[in-house]
Amino acid sequence: MVAGARQCEAVARAQDLLHLISQADGISTREVIRRTGLSFTAATRLLHWLRGQQLIESIAGEHHPGPRLKLTTTPGREGELVRITLDDLRERLGAAVC
């Protein structure tokens with residue numbers, strides 16, 4: 001499998017996982033693995049990355065939508081998501097992002 005295809009597959013898995021978490025009222029890692037078919041290692045790595053991006057948060061062993069994922073579903077808050085994203089880019093690049 002070429003690198004581009006692997007990246008597309010990873011994005012699709014992340015999107016499926018975000019959808020699953022956003023539809024559940026808290027979901028355990030074990031249930032994520034059961035519903036997605038991901039291996040334990042793949043699921044925990046993806047959950048860790050999504051937490052780092054503030055797309056999910058984990059509370060008492062269950063995964064819930066994080067602040068950034070909530071912004072995507074809250075009407076009128078899109079500008080805030082864009083601002084946060086640009087702030088992150090500025091920090092990572094060490095340069096102005098207009």
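These numbers were taken from a predicted model, which means no experiment stands behind them.
- Taken together through direct or relayed side-chain contacts under 4.5 Å among Ile, Leu, Val, Met, Phe, Trp and Tyr, L71 and L55 form parts of separate hydrophobic clusters.
- A pairwise comparison of heavy atoms in I33 and S39 identifies CG1-O, 4.4 Å as the closest pair.
- Using a 4.5 Å heavy-atom threshold, the side chains of L17 and L47 count as touching.
- Atom CZ of R45 has 12 or fewer heavy atoms from other residues, nucleotides or ligands within 6.0 Å.
- Taken from CG in L50 to CD in Q53, the straight-line distance is 8.0 Å, to the nearest 0.5 Å.
- Between I27 and E62, every side-chain heavy-atom pair lies at or beyond the 4.5 Å cut-off.
- Between T41 and T44, the closest heavy-atom pair is O-OG1, 3.1 Å.
- Inspection of the H63 and T29 side chains reveals an N or O donor paired with an N or O acceptor under 3.5 Å.
- Distance check, rounded to the nearest 0.5 Å: CG of L18 to CZ of R68 gives 12.5 Å.
- Not a single donor-acceptor pair under 3.5 Å links the side chain of S58 to the backbone N or O of G61.
- Atom NE2 of H48 sits about 10.5 Å away from atom CD1 of I56, to the nearest 0.5 Å.
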- Evaluate the criterion salt bridge (Lys or Arg N to Asp or Glu O under 4.0 Å) for residue pair E57 and K70; output intermediate values, then yes/no. CA-CA 11 Å; E57 54 190 3; K70 289 176 187 174; 3.6 Å; yes
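- A 4.5 Å side-chain heavy-atom check between S22 and L69 finds at least one atom pair inside the cut-off.
- Atom CD of Q15 is surrounded by 12 or fewer heavy atoms from other residues, nucleotides or ligands within 6.0 Å.
- The shortest non-hydrogen separation linking R13 to A42 is NH1-CB, 4.5 Å.
- In this structure, W49 is a member of the same hydrophobic cluster as L20, with clusters built from ILVMFWY side-chain heavy atoms closer than 4.5 Å.
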